[in-house]
Amino acid sequence: RRFLSRHPDCALINAYGPTEITVWASCHRVTGAEPDWGVPIGRPIPHTRACILDDRGNPVPWGVEGELCLGGPGVAAGYQGAPELTAAHFRDGPSGQGGRIYRTGDRVRLDNQGRMHFVGRRDFQVKIRGFRVEPGESAAAMSGLEGVEHAAVLALDGANGQKELVGFFKPDPGPAPPAARAIRAALDDGTLDPDRLERWQKLKREDRYNSETIAEARARDKGFGKMV
C-alpha cells in the first residue's frame, strides 16, 4: 500500500512460478484492496494450466486447500540424472484435464474471485535468501556424525528479520560433544551449512520438525549452548 501511494502511476505485479514451469505461472496486479492476511498469487497466465489437488490427486472444491499443480508448454522434462525425484514431482494430470503436470509442493486455495492464495508447503522445504532448501538434508548429515545422537535444522527468524538456518543437535553421552568446526567440515560435502549451530541436551527426536516447540524451548531453556 505504501508503494502504491508513493508511486500511483506504477503497476505492482505479484508474480508466482517455480523454475520447473519456466518460470512464471500466475500473477496478480496489486491494488491495495487485498486482505491483510496476504496478497494473492493470482490466476494462471495464458497457456498455463493450474489445478489444485488433494492428497489423492483429485481436484478440491472452491475454498479448500490443496497442492498446486501446473501444466502447459513450460513444464520441464524433469530433473537431470534424478529419475526418482522426477517421478515424484512430474505426473499425468487429473482425468479429463490431460497433459503432464508439475507438483509444486505449494498449498494454495481459491478465493471467491477465482484468485489463488499461497497457504504454505506440503513438505519441510523453505526459502533462504531466495534459494529453496531442504533442512532435512543437513539434519540427516549431522545425525550421521560420530558423537551426535540426533539433530534438527530449522528456518528461524534471525536478528535482521530474515530467515536463517539454525542447526540443533543432541550429543551422544560422552566426555565431549563434537566441535562446531567438525560438524561444519562434515557438512562441506554439498549439504547446506546451517548459519548457526546450537547444542541442546534435551532435544527430542519427535520435536526435530517442530519449529514452535524448539523456539519456545530456546527462550526458556538454559540447556542450549550456542556454537558460533
Side-chain angles (χ1 to χ4, degrees), residues 14 16-20 23 36-39 41 55 65 67-68 79 82 84-85 88-89 103-108 117-228:
N14 184 31
Y16 163 89
T19 302
E20 291 87 346
V23 68
D36 292 336
W37 46 265
V39 175
I41 60 174
D55 293 337
E65 293 180 17
E67 181 180 10
L68 175 58
Y79 301 108
E84 293 183 359
L85 192 61
H89 289 276
R103 299 181 58 184
T104 67
D106 291 332
R107 299 191 65 82
V108 303
H117 289 259
F118 175 79
V119 177
R121 291 286 303 174
R122 65 183 298 273
D123 53 21
F124 299 105
Q125 190 181 88
V126 295
K127 184 170 283 190
I128 302 292
R129 294 182 287 274
F131 295 93
R132 288 183 287 169
V133 297
E134 296 280 359
E137 294 181 2
S138 291
M142 290 172 61
S143 297
L145 297 177
E146 183 178 356
V148 175
E149 184 171 325
H150 50 260
V153 176
L154 300 175
L156 302 176
D157 292 328
N160 59 359
Q162 300 295 318
K163 290 289 185 183
E164 61 181 14
L165 289 181
V166 181
F168 305 93
F169 72 94
K170 179 180 180 180
D172 280 331
R181 61 179 177 273
I183 296 178
R184 293 188 185 280
L187 295 177
D188 194 28
D189 59 354
T191 305
L192 191 66
D193 185 8
D195 295 327
R196 295 206 314 272
L197 293 171
E198 299 185 14
R199 183 177 68 250
W200 188 21
Q201 295 285 355
K202 298 180 181 179
L203 177 65
K204 299 178 181 179
R205 186 178 298 276
E206 60 268 25
D207 289 337
R208 63 190 185 277
Y209 294 132
N210 194 326
S211 58
E212 292 184 1
T213 297
I214 291 180
E216 291 175 0
R218 286 176 82 208
R220 69 171 185 270
D221 190 351
K222 295 183 180 179
F224 277 101
K226 184 175 294 186
M227 306 172 67
V228 180

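Quick caveat, the model's predicted, so the values are computed rather than measured. What's counted below: heavy atoms across the whole structure, side chains too, no hydrogens, waters or symmetry copies.
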Residue pair Phe169 / Met142: nearest heavy atoms and the distance that separates them: CB-CE, 4.0 Å

Counterpart residues, side-chain contact (heavy atoms from CB on, under 4.5 Å), relative to Ile41 (two or more places apart): Asn14, Tyr16, Ser26, Leu68, Val108, Met116, Phe118

Candidate list Val153, Leu154, Leu197, test side chain to side chain contact (heavy atoms under 4.5 Å, CB included), partner Leu165, passing option: Val153

side-chain contact (heavy atoms from CB on, under 4.5 Å) between Lys170 and Val148, intermediate numbers included: CA-CA 6 Å; Lys170 179 180 180 180; Val148 175; over 6 Å; no

side-chain hydrogen bond (donor to acceptor under 3.5 Å, both in side chains) involving His89 - partner list, sequence neighbours excluded: none

Residues in side-chain hydrogen bond (donor to acceptor under 3.5 Å, both in side chains) contact with Arg103, at least two apart in sequence or another chain: Glu67

Taking every non-hydrogen atom, the tightest pair across Ala151 and Ser143: N-OG, 3.2 Å

